[in-house]
**Student:** 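Let me begin by handing over the structure; questions about it come next.
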Number of protein chains: 2
Amino acid sequence: MAVTMKEIAEITGVSKATVSKIINGRDRYISEETRKKVLGCITQMGYVPNAMARGLKVKKTRMIGFILPDISNPFFPEIAKGIEDKAKKEGFGVVICNTDDRAEAEYQSFQFLFAQQVDGIIFTRALRRANMDKVFESGIPIVVVDREVNTKQLGFGQIFIDTRQGIKESTNLLIQAGCEKIAYISAQYHSEYDRYSGYVEAMQEAGRQVQAELVYKNQYNVDTGYEGINKILETNKVDGVVCGNDLIAIGVIRALSERGIKIPDQVKIMGFDDMYFSQYMVPPLSTIKQPAYEMGAQAAEMLIDNILYQKPLAKKKLNFTICMRGTV
Amino acid sequence: MAVTMKEIAEITGVSKATVSKIINGRDRYISEETRKKVLGCITQMGYVPNAMARGLKVKKTRMIGFILPDISNPFFPEIAKGIEDKAKKEGFGVVICNTDDRAEAEYQSFQFLFAQQVDGIIFTRALRRANMDKVFESGIPIVVVDREVNTKQLGFGQIFIDTRQGIKESTNLLIQAGCEKIAYISAQYHSEYDRYSGYVEAMQEAGRQVQAELVYKNQYNVDTGYEGINKILETNKVDGVVCGNDLIAIGVIRALSERGIKIPDQVKIMGFDDMYFSQYMVPPLSTIKQPAYEMGAQAAEMLIDNILYQKPLAKKKLNFTICMRGTV
DNA sequence: TTAGTATAGGTAATCGATTGCCTATAAATA
DNA sequence: TATTTATAGGCAATCGATTACCTATACTAA
């Protein structure tokens, strides 16, 4: 169906080799005349080289994969944008795989990306250690974004922020603001561990006790915030809420406003991530900003530098920022 | 680097053909013994068939492309999710290309997807007619999502809602709610035309005049809403705002709340799209809901049915829903 | 006994682009 | 004039999987 290199060669009366050389800029020994003729034919026929055939031969596809847990959580598209922008600049395409936070889908995504022979993979939210080792053995460069992975396994890169410290400061901010009963609402994934320990540490260092009934964990979405705070308020009073991400905070704000509870006067709220419209919430959300776009961009840069120039993959820590706005 | 079919064949002492047949289920004339042996070797070696080699030979890649204008607008990830879910069910992968609403990037995305030999493409936000024709000539099945494309060109599918009617009803709702001075804030893309005419029609049918100084168009994002309403309020008073999408509405709400203007008492606001957390805004946003997930799912279904069973691509109109919440 | 057929699996061409190596001419140098 | 060398471009193997077609054996039916 599509035009092939062979056809271009036949029409212009040269060999496939010549066409290939022209396309790939190995045209040192190609006359200007043939070059023009071939290039003209290519645009005229709308010829686009078959990336599969090329990939098969040169074993480089100029594609990188990005595995994310939930594309409807705006934090991840922001990372994706960072990745895409960087990738596009280097002539790489990005294949995005959504896993819905299911380990099985994560595994399938890897299989799929391997099959597609992507040159590298960026992924967020780690599998359990066991599965990860298997994946890292594949030899394909991998950069993990969004959390520190504790594994001896080397040979993969990391872009992360200290989420434990982030949540710790978030909690401290609430403590300093005078909150007495501070709830914690978040998700329950593997990646949650760091966050929760930040909360626990902050509480303990302030001499507070962590009360199980003030903790609710489900998923990183709005519903969790909404359900969580309602559940907690059934049996408890709170005057501060540490949220595992901004979506949860939105749910909390919604539930509180339905109950006529004033924010931040009666209850103070800290989010996490800083989705780009969190600042536009009413009241604007106080949160810990993860530099999502930057994380994506740096991950892509590290990965592509490794693919193209064998620069080693590294561990790179980016800083979070505290954004105090209207909810604390 | 990666294990190949040839290696599997050598290890198990059969031919490549046999391995291939087993993988693809053409194992009618394969003994249970060999089948087990080969399958065992495959899992043990972690063999994943090279999708490029297969794609090159069978001219089917089981990949579809999705071109979207702005991945950080939550409306599109929602569509993407609908596409992905459907696609995954049928064993298709999805390549997402973000264009930042730049026509050039849109064109490049098509080129890229052609090169990748995707089996079909779903895209939102149309190029100008001229460029589209070129693309449709490629022979690859295409489904356009999100707006009606007026072109004689056949052979591509459409999933759309009547955005003109949607905005018209949105405007009428404001008129019925007693608004006298109704502003319109939206984007200025090609795809905007329908929306704006909905506003104009509603105004005219109600005997109102469209005042240019109450109209602001820039982009479908929060900033546009924020800037737009502030600009308008410099010289005018308004008591109703029709927004081109929910992000714009969020920006408007923010700006108004900064000015201490009460919503909906002093100004009423209608959004458009219904992003999944719009209902959680404070006050919850009244909006016209586009069934984003459903649009994605149906687009993918139509496309895959065409790819797999040559079912013709059709024009399909989905219905919007009016969601009256707290801003009108 | 022999032709026919079901079973099991192998051979080799093919998909489209790349690339090391070869040929042929022209120009430069000895 | 003879020999390099630069220029221009072609040949054919190759990447990994698929598949039409072929071979060989075992079993059936006539």
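Worth saying up front: this structure is predicted, and the values here are computed from it rather than measured. Within every chain, numbering begins at 1; the chains are lettered A, B, ... in the order of the sequence lines, protein sequences first and strands thereafter.
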**Student:** Quick one, give me the B/S/- string for nucleotides 6-11 of chain D, reading 5' to 3', where B means a protein heavy atom under 4.0 Å from the base and S means that only happens at the primed atoms, P, OP1 or OP2.
**Tutor:** -BBSBB
**Student:** Give a yes-or-no answer on whether the side chains of B:Ser72 and A:Lys81 include a donor-acceptor pair shorter than 3.5 Å.
**Tutor:** yes
**Student:** Less than 4.0 angstrom from a charged side-chain N to a carboxylate O is my criterion; do B:Arg35 and B:Asp27 meet it?
**Tutor:** yes
**Student:** Is there a donor in the side chain of A:Gln298 and an acceptor in the side chain of A:Lys316, or the other way round, less than 3.5 Å apart?
**Tutor:** yes
**Student:** Produce a footprint string for nucleotides 22-27 of chain D: one letter per nucleotide, 5' end first; B if the base is under 4.0 Å from any protein heavy atom, S if only the sugar-phosphate is, - if neither.
**Tutor:** ------
**Student:** How far apart are the closest heavy atoms of B:Lys88 and A:Asn98, and which atoms are they?
**Tutor:** NZ-O, 2.9 Å
**Student:** Within the 4.0 Å heavy-atom criterion, would you say B:Ser20 contacts the bases, only the backbone, or no part of the nucleic acid?
**Tutor:** base
**Student:** Which angle, to the nearest 10 degrees, lies between the helix axes at the two ends of the helix from C:dT1-D:dA30 to C:dA30-D:dT1, each defined by five pairs?
**Tutor:** 50°
**Student:** Taking only residues two or more places apart in sequence or in another chain, which ones pass salt bridge (charged side-chain N to carboxylate O under 4.0 Å, His left out) with A:Asp101?
**Tutor:** none
**Student:** Could you check which of D:dA17, C:dT19, D:dG16 has an atom nearest any side-chain atom of B:Tyr47?
**Tutor:** D:dA17
**Student:** Just by distance, no angles: are the side chains of A:Tyr220 and A:Glu192 close enough, under 3.5 Å, to form a donor-acceptor pair?
**Tutor:** yes
**Student:** Check whether the ring centres of A:Phe123 and A:Phe110 lie less than 6.0 Å apart, and answer yes or no.
**Tutor:** yes
**Student:** Do the side-chain N or O atoms of A:Asn24 get closer than 4.0 angstrom to the phosphate oxygens (OP1, OP2) of C:dT18?
**Tutor:** yes
**Student:** Please list, chain by chain and in numerical order, all residues satisfying salt bridge (charged side-chain N to carboxylate O under 4.0 Å, His left out) with A:Asp305, sequence neighbours excluded.
**Tutor:** A:Lys311
**Student:** What residues, two or more places apart in sequence or in another chain, satisfy ring pair (Phe, Tyr, Trp, His ring centres under 6.0 Å) together with A:Phe76?
**Tutor:** none
**Student:** Please state whether the phosphate of D:dG16, meaning OP1 or OP2, lies under 4.0 angstrom from any side-chain nitrogen or oxygen of B:Arg54.
**Tutor:** no
